[in-house]
**Q** 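I have a structure here, written as structure tokens, and I will follow up with some questions on it.
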There are 2 protein chains.
Amino acid sequence: MSTTGRGLHGRVLDTLGPAITAGEYPPGSVLRTDELAQRFDVSRSVMREAVRVLESMHLVASRRRVGVTVRPKAEWNVYDPQVIRWRLAGADRPHQLRSLTVLRSAIEPVAAGLAAKFASAEQCAELTECAIGMVANSRGHKLEDYLVHDVAFHRVILAASGNEMFARLGDVVAEVLAGRTHHEVMFEDPDPAAVTLHVQVAEAVREGDAVRAEALTREITVGALQELDILAP
Amino acid sequence: MSTTGRGLHGRVLDTLGPAITAGEYPPGSVLRTDELAQRFDVSRSVMREAVRVLESMHLVASRRRVGVTVRPKAEWNVYDPQVIRWRLAGADRPHQLRSLTVLRSAIEPVAAGLAAKFASAEQCAELTECAIGMVANSRGHKLEDYLVHDVAFHRVILAASGNEMFARLGDVVAEVLAGRTHHEVMFEDPDPAAVTLHVQVAEAVREGDAVRAEALTREITVGALQELDILAP
DNA sequence: GTGACAAATAAGTCTGACTTTTTGGTTCCG
DNA sequence: CGGAACCAAAAAGTCAGACTTATTTGTCAC
């Protein structure tokens, strides 16, 4: 899938970004632009552009006479999709996955409640289609097809909430769901109870029942938390 | 308060960023690097760095032979603190404030529940101090002092949740609370009921009562939603 | 109309010289 | 011994100009 894309500075970021987010350079580490330019065999202009991008993500801070210093993790722009992707691709993956799942558990139920109020007829139709698609692929090791509909389902919910901030989490949720299917333990067919819940959420949204949509979605996210052993007994 | 800060490219961003996020350039608009460099009276290198930053925020896309095109709002990195600040400072302010308040209403209750489980002794103490500070400044038009403690309170909750994604929303919440006090209608002293709720949340967290902490915080955020006339009867 | 080819265009890249800020040391008094 | 003033080095920041490369658009032949 797409990394930073084209351009020399993008190539540099493709290695520097993951390295920094993986914690290879401890906070406070000092990098020098010229040295980096040499290391990556690019001109200083290109390296400066790369540093600017890292700076805008708050991964580093550039100060005169001292160099480019790596900032502590607590200051990173952890909502930057690029940063999320880098972390998901590296050693921090499990931790990042847990953080994102907790985030989902907070956002999605509220989004579903709003979707019940504001979803358009088209969105309701889409939602139902997705739910049907999930049912259709819930048995017989069709995990890949199931995933497609699962992702689409959650995207529609987030978009239908009418909140732009929620809508932008579609990619993140997609990343989490895909990660669960591809990298984590996911040998068997999905939990039938979860599939049913999705169908019921689609129903609730269609009927405009915000309270029920929220409660059902909360059940779904609780399931996601349990999968990662997050939750107190 | 801090904008992009030092550096010539930062100055450029200080005017270009707000302009784009304010919608002055409709989606698809084409800017040319050379022209911009002239307009801002900077070298192309500096301009290129600025464009790279805007690109990393997904505000624009740079393509050869065509120029720097403004992306549709739906693709912006709306969680980027810089983008949030730009939008809060511009014409989009009311809309942005509503989005953020809805976001808060989803996140903070969950964060409070987690804080009840994971808050350290120090954090509990801080929380109590903040609550006391809020009470102490809840009467007599000491809005500014009240705000300081209010912001601190919510920061501690988010940090104590133990979730890095939640913790990073501290700045956003601070921005929203400050905005409410400074720009919106806020002539009178804060609602006594809200103050009490904060005290009770501090209690609940101290006692490790996650369910109660979450419910009480939900009441607080419902109040915030009502202030902006978000909510169905 | 379709295909190939050529020209125009704007971003992308590199280089080298120069400026500015910050820091750390040194020296010179008190 | 301590502090203030000063100096020099280091690294980012800035600029200008030449060159490369990809992409689009227009043209011309078939």
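Labels below follow one simple rule: chain letters A, B, ... track the order of the sequence lines, proteins then strands, and each chain is numbered from 1. Just so it is clear, the model here is predicted, and its values are computed rather than measured.
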**Q** Looking at C:dG12, I'd like to know if its phosphate oxygens (OP1 or OP2) sit under 4.0 Å from a side-chain N or O belonging to A:S45.
**A** no

**Q** Quick check: closest heavy atoms across B:R93 and B:L88, and the distance to 0.1 Å?
**A** NH1-O, 2.8 Å

**Q** When you check the gap from the basic side-chain N to the acidic O, do A:D171 and A:R155 get nearer than 4.0 Å?
**A** yes

**Q** Nearest whole angstrom, please: distance from the P of C:dT19 to the CZ of A:R64.
**A** 13 Å

**Q** Side chain of A:S43: nearest nucleotide among D:dT14, C:dT13, D:dG13?
**A**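 In terms of side-chain proximity for A:S43, the closest of D:dT14, C:dT13, D:dG13 is C:dT13.
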
**Q** Using whole Å, report how far CG of B:D34 lies from C1' of C:dA11.
**A** 8 Å

**Q** Any Lys/Arg nitrogen of B:R85 or B:D14 sitting under 4.0 Å from an Asp/Glu carboxylate oxygen of the other?
**A** no

**Q** Taking the side chain as everything from C-beta on, heavy atoms only, tell me whether A:L36 gets closer than 4.5 Å to A:V68.
**A** no

**Q** In whole angstrom, give the distance that lies between atom CG of B:L36 and atom P of C:dG12.
**A** 13 Å

**Q** Hey, is B:R87 close enough to B:E175 for a salt bridge, meaning N to O under 4.0 Å?
**A**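 So B:R87 does not pair with B:E175 through a salt bridge.
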
**Q** So, B:D150 and B:R180, do they make that salt bridge, N to O below 4.0 Å?
**A**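 Answer for the salt bridge query: yes.
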
**Q** Can you measure B:L8 atom CG to D:dA12 atom P for me and round it to whole angstrom units?
**A** 17 Å

**Q** For DNA chain D, which residues in residues 46-61 of chain B have a heavy atom at a distance below 4.0 Å?
**A**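 Residues of residues 46-61 of chain B under 4.0 Å from DNA chain D: B:V46.
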
**Q** Return the value, rounded to whole Å, for the distance between atom CZ of B:R65 and atom P of D:dT23.
**A** 12 Å

**Q** So, does A:R63 get its side chain near the phosphate of C:dT23, meaning an N or O under 4.0 Å from OP1 or OP2?
**A**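 Yes, because at least one side-chain N or O of A:R63 sits under 4.0 Å from OP1 or OP2 of C:dT23.
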
**Q** May I ask you to list the residues of residues 26-33 of chain A, by number, that have any heavy atom positioned under 4.0 Å from an atom of DNA chain D?
**A**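 Within residues 26-33 of chain A, the residues near DNA chain D are A:L31, A:R32, A:T33.
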
**Q** Applying side-chain contact (heavy atoms from CB on, under 4.5 Å) between A:I20 and each of A:V60, A:T15, A:L13, report the one that passes.
**A** A:V60

**Q** Just how far, in rounded Å, is C1' of C:dT9 from CD of B:E35?
**A**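 That distance rounds to 14 Å.
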
**Q** If you only use heavy atoms from C-beta on, which nucleotide in C:dA11, C:dA17, C:dT9 is closest to the side chain of A:R44?
**A**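 Nearest nucleotide to the side chain: C:dA17.
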
**Q** Of the nucleotides D:dC15, C:dG12, D:dA18, which has the atom closest to the B:S62 side chain?
**A** C:dG12

**Q** Quick one, B:Y25 with B:V30, criterion side-chain contact (heavy atoms from CB on, under 4.5 Å). Give me CA distance, side-chain angles, the key distance, then yes/no.
**A** CA-CA 9 Å; B:Y25 305 92; B:V30 175; over 6 Å; no

**Q** Relative to each other, are the rings of B:F153 and B:H198 parallel, tilted or perpendicular (30° and 60° limits)?
**A** perpendicular

